[in-house]
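Structure record follows, encoded as structure tokens.
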Amino acid sequence: MAKFVEIVCSATGFSMSRHDDGWKIQKENSTKPILVPEKVTGEEYVDFVQKLYRTNWSPTPRIWTGPPSLSFEEITPIDACELLLRIPWYQRSMEERKVEEWAGAMVRGEWKTTHQGLAIDQQGMLYDGQHRLAAQVIVGITLRHSVARGIEGETFNVVDRGKMRSSSYTFAAAGEKDAFNLSAALRLLWMWENHPTEKWRNRYPVSDDQLKEVLERHPEIRHSVKRGKTVPRASARATTLVHYLAAQACGSPDVPDQWYAQLGTGENFQRRDPGLVLRNYFLGGELAEKGNRASVRGIQSVIQVMHLFATAWNNTCTGQQRSIAKAFGNYGVPALKRPGQNHLFRFPIRDSESLDGIA
């Protein structure tokens, strides 16, 4: 951290003094110093950098005198640390989720050197690449980057203006059908396998390679993507995952296929069947309580839709009639059951598909 302190205090308005086993950095007209220990982890270093920029610290320019250049260079964690102290004022703030995403890819060996790397402008400021470098500091490894130097600052406004490629593009390029819903369902299945629902959040940093690995282990989810989108206003990825989990519980998609087809048409239900109550909940039918209907935005509503579909499925399996569908604030997603002897499915079920208990 000695180099960090030296660079910071070379700027006007900043001074430093020794403090215990580290340093105290003081900005003029500020009563809150930054206490810097002698040794820190990569994650702590990135945190110090962000604290520094919040004090309106500005790096000293290093004028580039030659023509613009492009090269491929080995960037060490030390190099990355120094480059992170050259972020210009016009650069966007660092997004923790994006840093986590890059760090995860580096740890898993998914990092690849491409033409998209680091860019340094004519003032010697880090023009592009702060998230990659922050992740590299956290992971602590040397990586090969493409490095553009001497870039005109005026071009910043046109950088990263293109539409980001989502995972659906990757699966579409691989020939998968309905790639958008497939990638969304795979991401939800990855979350289901790796995190309890109460800790789910809108955007986990899940890479395309991780989603491909999930698909390799669960190829049958392709069938659920085709059959699991039957009720308008209900999150397709949520209903698809419940269909898949129900098929896994039954050992076959036959019963979930027929039940989901019923949900789509509304035919052959009896008045208090859980499936009909569920359908009415989303479509505003006779038994719906409109003030309690689920929104379909955000990860919380995805969990809510899963809760509603899983509960209706389990009630149908066990023969429990319902008059209203509700999702409470502390809901979870129950394990899906197989049809029991008293089930409420309004179509024939083979004996091999009917067995009480949780699979």
Taking side-chain hydrogen bond (donor to acceptor under 3.5 Å, both in side chains) as the definition, give me every residue that meets it alongside [X], ordered by chain and number, with sequence neighbours left out.
X	answer
E73	S71, R149
H195	none
K27	none

Heavy-atom closest contact ([X] atom, [Y] atom, distance):
X	Y	result
P348	Q258	O-NE2, 4.4 Å
Q130	I87	OE1-CD1, 3.4 Å
A172	A179	N-CB, 3.5 Å
E38	D21	CB-O, 3.1 Å
P68	G150	CG-O, 3.6 Å
Y53	L84	OH-O, 2.9 Å

State, with a plain yes or no, whether a side-chain heavy atom of [X] is found less than 4.5 Å away from one of [Y].
X	Y	answer
V242	V305	no
L118	L133	yes
F48	P37	yes
V214	Q210	no
K229	T240	yes
L186	W190	no
F347	V255	yes
R279	Q262	no

- Full working for side chain to side chain contact (heavy atoms under 4.5 Å, CB included) between F282 and L263: CA-CA 11 Å; F282 286 97; L263 291 177; over 6 Å; no

Check the hydrophobic clustering (I, L, V, M, F, W, Y; side-chain heavy atoms under 4.5 Å; chains of links allowed) and say if [X] and [Y] are grouped together.
X	Y	answer
V36	I7	yes
L211	W111	no
I25	V40	yes
M191	L308	yes
L189	L215	yes

- Residue pair N342, T318: steps toward the side chain to side chain contact (heavy atoms under 4.5 Å, CB included) verdict: CA-CA 6 Å; N342 298 318; T318 58; over 6 Å; no

- Task: Just jot down the salt bridge (Lys or Arg N to Asp or Glu O under 4.0 Å) partners of R217, sequence neighbours excluded, or say none.
- Result: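 So R217 forms a salt bridge (Lys or Arg N to Asp or Glu O under 4.0 Å) with E193, E213.
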
Separation between [atom1] of [X] and [atom2] of [Y], rounded to the nearest 0.5 Å:
X	Y	atom1	atom2	result
R187	L241	CZ	CG	14.0 Å
E96	E101	CD	CD	13.0 Å
L182	K226	CG	NZ	11.5 Å
R271	L276	CZ	CG	8.5 Å
L188	S183	CG	OG	11.5 Å
Q248	Y244	CD	OH	3.5 Å

- What class does the angle between the rings of H243 and H223 fall in, given that below 30° is parallel, 30 to 60° is tilted and above 60° is perpendicular?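 Aromatic pair H243/H223 classed tilted.
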
- List the steps, then state whether ring-ring contact (aromatic ring centres under 6.0 Å, His included) holds for W259 with F269. CA-CA 10 Å; W259 190 66; F269 280 122; 7.5 Å; no

- Task: Identify which one of Q321, R322, H343, K337 satisfies the side chain to side chain contact (heavy atoms under 4.5 Å, CB included) criterion when paired with N315.
- Result: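 Among Q321, R322, H343, K337, the one meeting side chain to side chain contact (heavy atoms under 4.5 Å, CB included) with N315 is R322.
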
Are the side chain of [X] and the backbone of [Y] linked by a donor-acceptor contact shorter than 3.5 Å?
X	Y	result
S301	Q304	no
H131	W102	no
Y260	T239	yes
D273	G275	no
R86	T60	yes

- Does a side-chain N-to-carboxylate-O contact under 4.0 Å join D209 and R108?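 Salt bridge absent between D209 and R108.
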
- Ion pair check, D208 and K212, cut-off under 4.0 Å: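 No salt bridge links D208 with K212.
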
Distance-only donor-acceptor pairs under 3.5 Å for side chains of residues 134-146, two or more places apart:
| from | atom 1 | to | atom 2 | distance (Å) |
| --- | --- | --- | --- | --- |
| Q136 | OE1 | H145 | NE2 | 2.9 |
| Q136 | NE2 | I75 | O | 2.5 |
| Q136 | NE2 | I141 | O | 2.9 |
| R144 | NH1 | E74 | OE2 | 3.3 |
| S146 | OG | T114 | O | 3.0 |
| S146 | OG | H115 | O | 3.1 |
| S146 | OG | G117 | N | 3.3 |

- Task: Decide side chain to side chain donor-acceptor pair (under 3.5 Å) for N314 and T311; before the verdict, give the C-alpha distance in whole Å, the side-chain angles of both, and the deciding distance to 0.1 Å.
- Result: CA-CA 5 Å; N314 284 347; T311 300; over 6 Å; no

Is the count of non-hydrogen atoms from other residues, nucleotides or ligands lying under 6.0 Å from [X] atom [atom1] greater than 12?
X	atom1	result
F180	CZ	no
L70	CG	yes
E43	CD	no

- Only pairs at least two apart or in different chains count here, so list each ring pair (Phe, Tyr, Trp, His ring centres under 6.0 Å) that has a residue in residues 23-46.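 Applying ring pair (Phe, Tyr, Trp, His ring centres under 6.0 Å) to every pair that reaches into residues 23-46, excluding sequence neighbours, yields F4-Y45.
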
- Please lay out, stage by stage, how R222 and E176 fare under the test side chain to side chain contact (heavy atoms under 4.5 Å, CB included). CA-CA 9 Å; R222 293 185 179 94; E176 295 289 351; 2.8 Å; yes

- Run the numbers on V99 and V46 for side chain to side chain contact (heavy atoms under 4.5 Å, CB included), then give the verdict. CA-CA 10 Å; V99 174; V46 172; 5.6 Å; no

